[in-house]
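Here the structure comes first, spelled out in structure tokens, and everything after it is commentary.
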Protein chains: 2
Amino acid sequence: MNNRLKELRAQRRWTQADLADKLEVSRQTVNAIEKGKYDPSLPLAFKLARLFDSPIESIFQEETLEPSR
Amino acid sequence: MNNRLKELRAQRRWTQADLADKLEVSRQTVNAIEKGKYDPSLPLAFKLARLFDSPIESIFQEETLEPSR
DNA sequence: CTCAAATGTAAAGCTTGCTTGACTTTAATT
DNA sequence: AATTAAAGTCAAGCAAGCTTTACATTTGAG
């Protein structure tokens with residue numbers, strides 16, 4: 001699962017710790033999700049969507065298999 | 001978290017087992033999510049969104065606190 | 001009413017998401 | 001070069017999502 005967190009966070013000039021506070025999760029959780037170590041829970045994805053005022057699908061994209069041409 | 005799974009599934013006349021097959025999860029998982037026992041993982045929410053060709057936000061809604069009037 | 005399919009429920013166990021605490025690395029500033 | 005904030009990483013532990021097996025209840029067709 002790819003995501004645009006780093007980009008969205010940078011636009012707002014928030015640190016990972018800032019974002020963690022707003023989401024009410026730990027800084028390590030934000031870091032792990034940003035780095036793609038794991039996917040957020042659905043409730044956390046909703047919080048991110050609200051915070052960034054964007055649909056979940058615009059923040060997270062399933063990496064789909066490349067068509068083999 | 002509320003969801004419209006039962007409704008969407010009924011529209012297509014699929015059983016919980018049918019849906020479980022398409023999602024590649026167990027029937028009990030479909031049942032539990034439909035009944036609101038727990039939220040799906042984000043990847044599973046994406047599978048549902050693709051299957052029902054609907055945004056995640058249109059399938060799942062965070063139940064927000066009622067304004068106290 | 002009967003029978004079968006569908007739905008609901010429960011327990012035990014594995015995997016994944018998230019926490020805290022601690023430490024290291026990177027990048028920017030002086 | 002030294003300092004500091006931010007980012008990255010690791011380990012141990014708890015919580016949530018999902019599995020399998022098994023059984024009970026509900027629904028609907030005949």
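Chain letters run A, B, ... following the sequence lines, proteins first and then strands; every chain starts at 1.
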Inset, instruction - Check whether more than 12 heavy atoms from other residues, nucleotides or ligands sit under 6.0 Å from atom CG of N2(B), and answer yes or no. - result: yes

Inset, instruction - Using a cut-off of strictly less than 4.0 Å, decide whether K35(B) has a side-chain nitrogen or oxygen near OP1 or OP2 of dT7(C). - result: no

Inset, instruction - Among dC10(D), dT19(D), dG8(D), find the nucleotide with the atom closest to the side chain of Q16(A). - result: dG8(D)

Inset, instruction - For A49(B) and I59(B), work out which heavy atoms get closest and say how close. - result: CA-CD1, 3.6 Å

Inset, instruction - Would you please confirm or rule out a distance under 4.0 Å between OP1 or OP2 of dT9(C) and any side-chain N or O of R27(B)? - result: no

Legend entry - Distance in angstrom units between R13(B) CZ and dA5(C) C1', rounded: 17 Å

Legend entry - Integer-rounded Å distance: dG8(C) P and I33(B) CD1: 13 Å

Inset, instruction - Check whether any side-chain N or O of T29(A) sits under 4.0 Å from OP1 or OP2 of dC18(C), and answer yes or no. - result: no

Inset, instruction - Tell whether Q28(B) reaches the base of dT21(D) with its side chain through a donor-acceptor pair below 3.5 angstrom. - result: yes

Inset, instruction - Considering just the side-chain nitrogens and oxygens of R9(B), establish if one lies under 4.0 Å of OP1 or OP2 belonging to dT7(C). - result: yes

Inset, instruction - Under 4.0 Å from any atom of DNA chain D, heavy atoms only: list the residues of residues 41-53 of chain B that qualify, in numerical order. - result: S41(B), L44(B)

Inset, instruction - Inspect the surroundings of CD in E24(A) and state if more than 12 heavy atoms from other residues, nucleotides or ligands are less than 6.0 Å away. - result: no

Inset, instruction - Identify whether any heavy atom of S26(B) sits under 4.0 Å from a base atom; if not, whether one sits that close to sugar-phosphate; answer base, sugar-phosphate or nothing. - result: base

Legend entry - Phosphate contact (dA7(D) OP1 or OP2) by N31(A) side-chain N/O below 4.0 Å: no

Inset, instruction - Please report the closest heavy-atom contact between P40(B) and L42(A), naming both atoms and the distance. - result: O-CB, 3.5 Å

Inset, instruction - Mind calculating the distance between NZ (K37(B)) and C1' (dA15(D)) to the nearest angstrom? - result: 18 Å

Legend entry - Interatomic distance, L19(B) CG vs dC18(D) P [rounded to whole Å]: 12 Å

Inset, instruction - Kindly compute the distance separating CG (L44(B)) from CD1 (I56(B)), expressed to the nearest 0.5 Å. - result: 10.0 Å

Inset, instruction - Give the minimum heavy-atom separation between P43(B) and E62(A), together with the two atoms involved. - result: O-OE2, 4.2 Å

Inset, instruction - Whole angstrom is fine here: how far is it from CD in E24(B) over to C1' in dT20(D)? - result: 17 Å

Legend entry - Least distance between heavy atoms, K22(A) atom then L51(A) atom: CB-CD2, 3.8 Å

Legend entry - Proximal nucleotide (of dG17(D), dA10(C), dA22(C)) relative to the Y38(B) side chain: dG17(D)

